[in-house]
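The structure appears right after this line, and notes come after that.
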Amino acid sequence: PDQRLALTLHKLGSFYLYRSPAKAASYFRRSLAVMETLPRDKVLDLDLAMENGLLCETLMAQKKYAEAEQYAKKKLALEESLLHSDDAVLVHSLTLIGDCEIQQEQFAGAEPFYKRASEIARLQKFPTLGNLLLTLARTEAQLKEFSKAETYKQQALAVKHKANQVEFAENMRRLGVAFMRKQQWAEADACYQEAAEILASIHQDSSPTMAMLTANRGRLCYRQEQYAQAEILYQKAMSMIKTTNRPVNKEVWNGMAEVLEKEGKTDQASKLREQLKATASDVAKPVPH
């Protein structure tokens, strides 16, 4: 009966996984509590590892990263007790822990987990190795270990043909942002250029990723007080955006307003901000039934 109850709770958690993370987490917690009362064997321990991972992901979806990390570490500990130290399964757990650390801005804490994940991925010839290396590079950039970041970036580029190109371009863009925030202008620009070339090669010239990338390039110019060039890039990014409803798109509009203000075009900047406020008001209105 307890096994059937645990399975039922697991199925309910899985049903709500993408519909309501809070409900899913509640069912996964109850499933774990029941499973932990059952006689332990290898199969149950693997099931426990999976359930801890699912609970971790539902908590991450609710931005409860510190709590989520505890379950990711439980998942890893269970897997390490059953599997070889270089088993491919460990990559997911290591990445989850690294992601939780990053979201808490604990970059030094994230680095060893991403590093071990990339080492296993290299050994197991994962197609996602390039993306893992770019995430590791971004972590090093946040720690101001710029030479390490560049080394991991070059390693990622060497295997980029194996990766999903949209995901690779997005991770390259994020690395550029990390460099930019640390005022490494040339390194940031090189990442943005690489990401743009990848997106162009797969006909993603007007995609949301390209729009955000173009805005990032505008921000890079803004930070270097190249306001005229920044305005051109922000205009280009805005032309790719169909709606201001998404938070990232609002960032693009706000960035453009900041550029206009620096150029002394205060009227245009004010109009842009008013348009954003009007859009926000429209989104906030209840939809009639």
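What's counted below: heavy atoms across the whole structure, side chains too, no hydrogens, waters or symmetry copies. Position 1 is the first residue of the sequence; numbering continues from there.
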*Kindly compute the distance separating CG (Asp189) from SG (Cys221), expressed to the nearest 0.5 Å.*
8.0 Å
*Rounded to the nearest 0.5 Å, how far apart are CD of Glu187 and CG of Leu175?*
9.5 Å
*asked:* Please report the interatomic distance CG(Leu233) to CE(Met238), rounded to the nearest 0.5 Å.
replied: 13.0 Å
*Glu111 to Leu143 - nearest heavy-atom pair and separation*: CB-CD1, 4.4 Å
*Does the pair Asn216 and Arg173 meet the rule for a side chain to side chain contact (heavy atoms under 4.5 Å, CB included), with working shown?*
CA-CA 8 Å; Asn216 290 148; Arg173 182 192 72 78; 2.6 Å; yes
*asked:* Within the supplied structure, the quantity of interest is the number of heavy atoms (other residues, nucleotides, ligands) at a distance under 6.0 Å from His203 NE2; does it exceed 12?
replied: no
*If you count the non-hydrogen atoms of other residues, nucleotides and ligands that lie under 6.0 Å from CD in Gln62, is the total more than 12?*
yes
*asked:* Less than 4.5 Å apart, side chain to side chain, heavy atoms only: is that true for Leu94 and Tyr114?
replied: no
*Leu46-Leu44 co-clustered via ILVMFWY side chain contacts under 4.5 Å*: no
*Salt-bridge present (Glu119, Arg122; N to O < 4.0 Å)*: no
*Is any side-chain heavy atom of Lys115 closer than 4.5 Å to a side-chain heavy atom of Thr139?*
no
*At their closest point, which heavy atom of Ala149 faces which heavy atom of Ala141, and how far apart are they?*
CB-N, 3.9 Å
*asked:* Is there a continuous path of hydrophobic side-chain contacts, each under 4.5 Å between heavy atoms, that joins Leu90 to Ile97?
replied: yes
_4.5 Å side-chain heavy-atom contact, Lys75 and His92_ = yes
*Taking the six-membered ring of Tyr27 (Phe, Tyr or Trp), confirm whether the NZ or CZ of Arg30 is under 6.0 Å from its centre and within 45° of its axis.*
no
*Carefully, step by step, assess Glu263 and Gln268 under the rule side-chain hydrogen bond (donor to acceptor under 3.5 Å, both in side chains).*
CA-CA 10 Å; Glu263 293 183 299; Gln268 292 181 46; over 6 Å; no
*Indicate yes or no: at least one non-hydrogen side-chain atom of Leu54 is less than 4.5 angstrom from one of His10.*
yes
*Which pair of non-hydrogen atoms, one from Val166 and one from Asn164, has the smallest distance, and what is that distance?*
N-OD1, 3.1 Å
*Could you tell me how the ring of Phe179 sits relative to the ring of Phe146: parallel (under 30°), tilted (30 to 60°) or perpendicular (over 60°)?*
tilted
*Taking all non-hydrogen atoms of both residues into account, name the closest pair between Ile102 and Ala110 and its distance.*
CG1-CB, 3.8 Å
*asked:* Nearest 0.5 Å, please: how far is CG in Leu260 from CG in Asp267?
replied: 10.5 Å
*Going by the side-chain contact (heavy atoms from CB on, under 4.5 Å) test, name the single residue among Val159, Leu157, Thr128 that passes it with Phe168.*
Leu157
_Side-chain heavy atoms of Lys277 within contact of Glu274, under 4.5 Å_ = yes
*Could you tell me whether the side chain of Gln124 and the main chain of Asp86 form a donor-acceptor pair under 3.5 Å?*
yes
*Are any non-hydrogen side-chain atoms of Glu101 and Phe107 less than 4.5 angstrom apart?*
no
*Kindly compute the distance separating OG1 (Thr209) from CE (Met240), expressed to the nearest 0.5 Å.*
11.0 Å
*So Arg29 and Glu67, salt bridge (charged side-chain N to carboxylate O under 4.0 Å, His left out) or not? Walk me through it.*
CA-CA 12 Å; Arg29 285 184 202 278; Glu67 187 180 1; 2.7 Å; yes
*asked:* Heavy-atom count check: over 12 atoms from other residues, nucleotides or ligands less than 6.0 Å from Lys182 NZ?
replied: yes
_Pair Lys74-Leu48, side chain to side chain contact (heavy atoms under 4.5 Å, CB included): steps then yes or no_ = CA-CA 9 Å; Lys74 287 181 181 179; Leu48 279 167; over 6 Å; no
*Report yes or no: does Thr95 contribute a side-chain atom to a donor-acceptor pair with the main-chain N or O of Val91 at less than 3.5 Å?*
yes
*Scan side-chain atoms only and decide if Arg181 and Gln142 contain a donor-acceptor pair under the 3.5 Å cut-off.*
no
*asked:* Using a strict threshold of under 4.0 Å (side-chain N to carboxylate O), is an ion pair present between Arg116 and Glu80?
replied: yes
*With the 4.5 Å side-chain cut-off for hydrophobic clustering, are Leu82 and Val89 part of the same group?*
yes
*Just wondering, do Leu136 and Leu132 contact through their side chains at under 4.5 Å, heavy atoms?*
no
*Steps toward side chain to side chain contact (heavy atoms under 4.5 Å, CB included) verdict (Gln70, Lys73)*: CA-CA 5 Å; Gln70 296 174 23; Lys73 287 182 173 177; 6.0 Å; no
*asked:* Any salt bridge linking Glu261 with Arg273? Criterion: basic side-chain nitrogen under 4.0 Å from a carboxylate oxygen.
replied: yes
_Pairing of Glu194 and Lys160 as salt bridge, 4.0 angstrom limit_ = yes
_Under a 3.5 Å threshold, yes or no: a donor from one side chain and an acceptor from the other, between Gln165 and Gln204?_
no
*Do you know which two heavy atoms are closest between Ala237 and Val252, and how far apart they sit?*
CB-CG1, 4.0 Å
*Contact summary for Ala257 and Leu272, nearest pair of heavy atoms*: N-CD2, 3.7 Å
_Under 3.5 Å: donor-acceptor pair, side chain of Ser31, backbone of Phe28_ = no
*Decide side chain to side chain contact (heavy atoms under 4.5 Å, CB included) for Gln193 and Arg217; before the verdict, give the C-alpha distance in whole Å, the side-chain angles of both, and the deciding distance to 0.1 Å.*
CA-CA 9 Å; Gln193 181 63 35; Arg217 298 180 86 170; 2.9 Å; yes
*asked:* Is there a path of hydrophobic side-chain contacts, each under 4.5 Å between heavy atoms, that joins Leu32 and Val34?
replied: no
*Interatomic distance, Leu76 atom CG to Ser81 atom OG [nearest 0.5 angstrom]*: 9.5 Å
*Among Glu231, Glu258, Glu251, which one satisfies salt bridge (charged side-chain N to carboxylate O under 4.0 Å, His left out) with Arg219?*
Glu258
_Single-linkage hydrophobic cluster, 4.5 Å side-chain cutoff, Leu78 and Tyr71 together_ = yes
*State, yes or no, whether a side-chain contact exists between Thr135 and Arg138 at a heavy-atom distance under 4.5 Å.*
yes
